[in-house]
Structures are given as C-alpha cells and as structure tokens.
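Heads up, the thing below is written out as structure tokens.
Positions are given from 1, in the same order as the sequence printed here. Hydrogens, waters and symmetry mates are skipped; everything else that's a heavy atom, side chains included, is used. Whatever order the structure lists them in is the order used to number ligands and atoms, beginning at 1.
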Amino acid sequence: MERPSLMVANWKMYKTIHAARAFGVELLRRMEEDPGPRGLTQVLCPTALALAPLAERLRGSAIRVGAQNLDLGVEGPRTGALSAYLLRDAGAEYVIVGHSERRQEFAEDDDLVAAKVVEALKGQLTPIVCVGETRDERDHGLTETVVTRQIERVLSAVTPDREVVFAYEPVWAIGSGRTPTASEAEQVAQLMRNLIGRSWPGTDALVRVLYGGSVNRDSIRTFAEHTSFDGVLVGGASLDVDHWLDINRRWGEVRC
Ligand code: PGA
C-alpha cells in the first residue's frame with residue numbers, strides 16, 4: 001500500500017536558535033516560490049532549545065517539528081529531563097527515539113527505547129524509532145538478528161492506535177558517506193514490514209518505515225526508485241536549505 005512520504009531532518013547538536021529559525025524562514029520563503037512535491041510531509045527536528053522558536057515560526061505551515069529525544073514521565077523532580085508532555089507543549093508532534101547515537105553515547109538499551117515509545121504515544125507524539133546494526137554486526141551476518149531484536153522489543157510493548165514510524169539506520173552508514181545498496185536496504189525494509197505486520201496486524205496505514213544514514217541529494221534517487229521505504233531520515237545533508245529542498249524534490253519526482 002502507498003503511504004504518504006515522510007521526510008525527517010535530524011539536526012542533532014547543530015544550529016543555534018537563531019540559525020534554526022533562519023532555516024525555517026528561508027524554507028517557507030522558498031516553498032512559497034515553489035511548493036515542491038505534494039503528498040510529502042517534512043519534519044524538522046532541531047535541538048530541544050530551538051524547538052519552540054522554530055515551531056512558532058512554522059505555525060500554520062505544512063512543515064512539522066519533532067524532538068530528537070524524550071525522557072520518561074510527565075512532570076516531576078527529574079533534573080534536566082524533558083517529557084513528551086513538555087515537548088508537545090513546545091510544539092513537537094514527532095520524536096526520534098532510540099537513535100544509535102543515544103543508544104551508544106547515552107547507554108539507551110532496548111527496554112528504555114520501548115518505554116520511551118510508550119511514553120511518546122501516551123503524550124500524543126509520533127515516535128520515529130531507529131533501529132540498525134553496527135559494521136561489526138553486519139560483517140558477522142547479524143543484521144537481521146539485531147534489527148529483529150530491536151524492533152520486536154518495541155512491537156511487544158505497545159499496540160498502536162496512532163501513527164508510529166520506524167527508521168532503518170545502519171550505524172555504519174550514519175555520517176560516513178557510505179550506504180547499503182538498495183537491495184541490501186530493501187531486504188531490511190521487508191524484514192521490518194513482516195515483523196510489524198505479524199505483531200501489529202491491520203496497522204499498515206499507521207506505520208511508516210524510513211531509511212536513514214548518509215542520505216544526500218545524490219543518493220536519494222536510489223532509495224526512492226529501488227526501495228519500498230516510505231521516506232528518509234537525514235542528518236548532515238538536512239542542515240542546508242538547498243540540499244534539503246533538493247532531497248525532497250528528488251524524492252517527490254519519483255514518489256509523489
Ligand atoms: P546522516 O545522519 O544523514 O548524517 O548520516 C542520519 C542520522 O543520524 O539520522
């Protein structure tokens with residue numbers, strides 16, 4: 001089934017509040033001149049600090065805003081924590097969960113990722129759940145095992161009655177300029193779809209599966225043309241408005 005495309009920009013620890021807002025202003029200006037492909041939703045995920053100012057700037061437009069992480073709980077004595085409730089209040093509609101940088105640098109395990117997905121859904125945020133193998137795991141033929149373990153932990157934690165997004169992000173492809181071939185990526189897309197279909201039957205329209213890892217204006221066509229992913233999650237190449245618009249346009253030329 002054809003699901004509307006989702007294009008997610010993950011700005012990581014880049015862009016001041018001023019720079020994030022300036023990106024939003026420029027993006028809106030450019031889209032006024034040329035609205036680009038229809039049937040495609042853009043989600044910008046700035047730092048938590050830039051979330052509210054960017055969401056404010058984009059209010060009333062078709063562009064959505066997401067957070068890069070959330071913590072458990074709603075309100076409470078948890079110094080430094082940001083809950084789905086607070087992120088939603090700041091204007092987020094989506095939240096990235098279980099990005100490999102958080103799994104590695106902040107020791108987030110499958111249980112915590114699953115708990116965060118539950119919290120995101122409770123807090124009315126659409127989780128974008130990242131899964132993917134390391135280079136070492138791929139070299140040892142463990143891609144399927146790792147992705148299955150990561151995704152099944154989430155699938156067993158919730159029964160979605162609202163949208164959930166998964167992103168296949170091979171850890172070795174992130175920020176490296178290397179990507180799997182279309183057929184390697186497609187194999188994982190099929191695996192994920194099968195696992196989702198088995199655990200959550202009938203949710204086909206609610207669950208999108210994205211690809212992420214060194215997507216840029218050159219590699220985007222391959223994923224659009226030769227895979228069944230419903231969109232992409234883009235880091236480095238999403239920081240520049242021109243580059244980001246090219247990615248969206250090229251995807252849209254094939255898919256929308
Ligand atoms: P990249 O990052 O596009 O810079 O590889 C993707 C991601 O980490 O989500």
Side-chain angles (χ1 to χ4, degrees), residues 5-15 19-20 23 27 40-48 50-51 54 64-70 87 92-108 113 116-117 120 125-135 137-138 143 146-147 150-151 154 164-182 184-185 188-189 192 208-224 227 229-251:
S5 297
L6 190 66
M7 313 297 278
V8 183
N10 175 11
W11 288 348
K12 308 191 180 185
M13 204 169 70
Y14 293 102
K15 288 196 191 294
F23 185 108
L27 186 60
L40 165 163
T41 302
Q42 293 181 42
V43 181
L44 305 180
C45 302
T47 68
L51 199 58
L54 181 62
R64 317 259 66 103
V65 173
Q68 298 174 16
N69 176 43
L70 83 163
L87 295 168
E93 292 177 66
Y94 293 78
V95 61
I96 298 171
V97 184
H99 191 283
S100 63
E101 285 154 15
R102 294 214 56 95
R103 289 181 191 260
Q104 290 179 335
E105 291 187 36
F106 299 88
E108 295 196 1
V113 170
K116 288 187 174 193
V117 172
L125 292 176
T126 297
I128 302 167
V129 190
C130 301
V131 299
E133 80 287 0
T134 61
R135 179 79 253 176
E137 288 163 342
R138 171 161 283 260
T143 301
V146 170
V147 170
Q150 291 177 334
I151 203 169
V154 173
V164 177
V165 180
F166 287 98
Y168 170 50
E169 293 214 308
V171 180
W172 52 273
I174 294 172
S176 69
R178 287 176 300 154
T179 59
T181 64
E184 284 169 341
V188 180
M192 292 168 72
R208 282 182 279 197
V209 178
L210 314 182
Y211 169 78
S214 290
V215 170
N216 57 36
R217 51 158 77 102
D218 299 319
S219 60
I220 188 71
R221 256 186 220 285
T222 306
F223 291 104
T227 72
F229 289 102
D230 303 308
V232 285
L233 175 51
V234 187
S238 72
L239 292 167
D240 173 74
V241 182
D242 285 319
H243 205 143
W244 174 243
L245 282 168
D246 276 352
I247 289 171
N248 282 278
R249 188 171 45 77
R250 290 180 187 183
W251 177 274

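Residues satisfying the salt bridge (Lys or Arg N to Asp or Glu O under 4.0 Å) criterion with E108, sequence neighbours excluded, are R102, K116. The salt bridge (Lys or Arg N to Asp or Glu O under 4.0 Å) check on E169 picks up nothing, with sequence neighbours excluded. With sequence neighbours excluded, the residues forming a salt bridge (Lys or Arg N to Asp or Glu O under 4.0 Å) with K12 are E101, listed by chain and number.
Annotation: side chain of V147 is in contact with side chain of M192 (closest heavy-atom distance under 4.5 Å).
Ion pairing between a basic and an acidic side chain is recognised when a charged N comes within 4.0 Å of a carboxylate O; D246 and R217 show such pairing.
V171 and T134 get closest at one heavy-atom pair: CB-CA, 3.9 Å.
Sorted by chain and number, the heavy-atom contacts of ligand 1 below 4.0 Å come from N10, K12, H99, E169, A173, I174, G175, G213, S214, L233, V234, G235, G236.
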